[in-house]
Amino acid sequence: MCGIIGVTGIADASRVAYLGLYSLQHRGQESSGIVAVDGEGAARSHRGMGLVSDVFDEKVLGELPGDVAIGHTRYSTAGTSVLANAQPMLARYREGPLALAHNGNLTNAVQLRSDLVTKGSIFQSSSDSEVLVHLIARSEAREPEDQLLDALERVEGAYSLVITIGRTLYAIVDPRGFRPLVLGRLGRGWVVASETCALDIAGATLVRHLEPGDFVRIHGEDVDDLPKLPARPHRRCVFELVYFSRPDSTVFHRSVDAARRALGRELAREHPAPGADCVFSVPDSSNAMALGFSEESRIKLEHALIRNHYVGRTFIHPAQAGRMAKVKIKFNPVREVLEGKKVVVVDDSIVRGTTSKALVQLIRHAGAAEVHFRVASPPITGPCYYGIDTPTKGELIASSHDVTEIRDHLGVDSLGYLSLDGMLRAAGGDPADFCHACFSGAYPTEIPGDDMAGARHAAPLLTTAV
Ligand code: AMP
């Protein structure tokens, strides 16, 4: 997954982008970068591997002058964790510097890339986003907007984009609207970001959520809505609300915190745990869900797992080996809370089942008498092709095991997953507007070969700018 930000009309725009990237760090920890454009239209780039705090310092930011900037924070797995794939991409073409930061995943990138290579394009990275840069540069249209449209007509899948051409910033959301993007006002300037928490840290106020198909041009103080991209049924990623976004953000017009509490309440209604002594979350992503479960069930909320905040997300480590060690590094149980108790553990999702299994062991070793596991989303049965980093189908425990088998694998006394309908009810709005393909198999686009979501893990040829 990735976080993106665009800033314009603000002196030292790179500093605002830097701050924003800090609060989008949860969307990607592998690399980050900023491109800034100065008053003469000269673009400068700095990208590096690692966290925003590793990549940028006062000196680097001082070398990124200008009142226009875009930034990116990226997550992919180790195989292709290389600087060449860090974003924003910066290219020099006939209109001058073009910089692009992409959140999402193009589903026809392999085909497009192979066509482009056949025609003589030379790629600098293995990222799907570079396909877009080539398509823009190859367009025969005269106006930059038409060049962008030419490129977007060819691509399929998920893209929220911030692009600068010269000193103009474009913000674009694909017609299905898989990934969020918001527009905020900061003084006389503008900030576009993946989530509202980035506006908050920058001191910007939310003007609007960009809608599916929105194509916005920002030049100086002027914001122009260009004609929308050809309409498609909306498919907002429900997993943004379940897991990915920060709870202090509003995503798709919905408070993430409120959605997660509602998920917890639905879960308590669908899978109550009568007689349990306490309920607790797997911190931090399921905190609000455990709160909702507790409110609905009137089972006491406890803090029984303490998370060490200095180790990053265990999911980030691609190797399966040593998972228990990683879980222990990340979580420690509070023995006094657990000893002799019948407990309900609430987690947002089960992916491979490895973290959950190790957690259950930790909880049992700390003395819990019964462990009832509750998951605030349905079983994940297929990979995401639209930007969430899920493993291949074969690695997803629910693709080959039913709930009883998973219960036995985890070693819990009971296991309950929220239903698809329950999840969509809690997410709010029109259920038809959501993409839930990883749970339901209802992929809204053609999907690439079955192993494409694992391409990052297997072959270094193609990575996705998620
Ligand atoms: P697992 O052991 O693979 O079942 O991991 C489950 C945990 O991973 C849950 O606690 C989720 O919060 C977390 N999780 C779910 N999806 C992702 C993702 N795409 N990236 C990182 N962590 C995730």
Side-chain angles (χ1 to χ4, degrees), residues 1-3 25-30 73-78 103-105 158 178-179 237-247 256 260 263-264 267 280-290 305 307 311-328 330-331 345-363 373-401 403 405-407 409-412 415 417-418 423 436-439 453-454 456-457 464 466:
M1 184 51 83
C2 296
Q25 187 75 84
H26 61 290
R27 298 184 70 89
Q29 298 93 25
E30 175 195 299
T73 165
R74 177 170 192 268
Y75 171 64
S76 84
T77 48
N103 174 205
N105 188 353
F178 288 99
R179 303 280 149 233
C237 168
V238 71
F239 209 58
E240 289 276 353
L241 295 171
V242 170
Y243 170 76
F244 215 82
S245 299
R246 258 173 52 162
V256 176
R260 291 193 183 157
L263 286 162
L267 185 60
F280 57 87
S281 68
V282 178
D284 293 318
S285 49
S286 53
N287 287 351
M289 290 142 175
L305 289 173
R307 177 174 167 182
V311 287
R313 292 177 171 183
T314 47
F315 196 87
I316 301 303
H317 301 284
Q320 283 287 292
R323 174 72 60 161
M324 183 61 181
K326 283 169 190 153
V327 168
K328 272 188 161 168
K330 192 166 164 185
F331 298 105
V345 188
V346 176
D347 205 352
D348 56 90
S349 56
I350 294 181
V351 185
R352 294 179 169 89
T354 43
T355 310
S356 328
K357 187 180 169 75
L359 273 175
V360 170
Q361 283 169 19
L362 277 188
I363 293 164
F373 210 94
R374 298 291 178 267
V375 189
S377 59
I380 300 180
T381 50
C384 176
Y385 298 98
Y386 310 111
I388 300 278
D389 190 78
T390 37
T392 51
K393 194 169 172 75
E395 292 170 87
L396 295 166
I397 189 165
S399 74
S400 53
H401 296 79
V403 176
E405 289 166 337
I406 300 172
R407 182 199 66 196
H409 171 80
L410 299 184
V412 289
L415 171 65
Y417 279 96
L418 186 59
M423 176 178 69
H436 40 72
C438 56
F439 304 110
R456 295 181 296 286
H457 309 253
T464 51
V466 292

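Whatever order the structure lists them in is the order used to number ligands and atoms, beginning at 1.
Atoms of ligand 1 lying under 4.0 Å from at least one heavy atom of S285, given by number and element, are 12 (O). Near I350, meaning under 4.0 Å from any of its heavy atoms, are these atoms of ligand 1: 4 (O). Residue-ligand proximity, F239 to ligand 1, at heavy-atom distances under 4.0 Å covers atoms 15 (C), 16 (N).
Looking at heavy atoms from C-beta onward, C237 lies in side-chain contact with R179 at the 4.5 angstrom threshold. A heavy-atom distance below 4.5 Å is found between the side chains of M423 and V242. Side-chain contact between L410 and L359 is absent, with no heavy atoms from C-beta onward closer than 4.5 Å.
S349 meets the side-chain contact (heavy atoms from CB on, under 4.5 Å) test with F239, V351, S377, I380; sequence neighbours excluded. S399 meets the side-chain contact (heavy atoms from CB on, under 4.5 Å) test with K393, L396; sequence neighbours excluded.
Ligand 1 has a nitrogen or oxygen under 3.5 angstrom from a nitrogen or oxygen of T355. Inclusion of I388 in the set of residues having an N or O under 3.5 Å from an N or O of ligand 1 is not warranted.
Classification of the F178-Y386 ring pair by plane angle, with boundaries at 30° and 60°, yields parallel.
H409 and I397 get closest at one heavy-atom pair: CD2-CD1, 3.4 Å.
Proximity of D347 to ligand 1, defined as any heavy-atom pair under 4.0 Å, is confined to the side chain (atoms from C-beta onward). By the criterion of a heavy-atom distance under 4.0 Å, the side chain of D348, and not its backbone, is placed next to ligand 1.
Ligand 1 has no atom lying under 4.0 Å from any heavy atom of F244. Residue V282 places every heavy atom at 4.0 Å or more from ligand 1. Residue contacts with ligand 1: T390 is excluded, as none of its non-hydrogen atoms falls under 4.0 Å.
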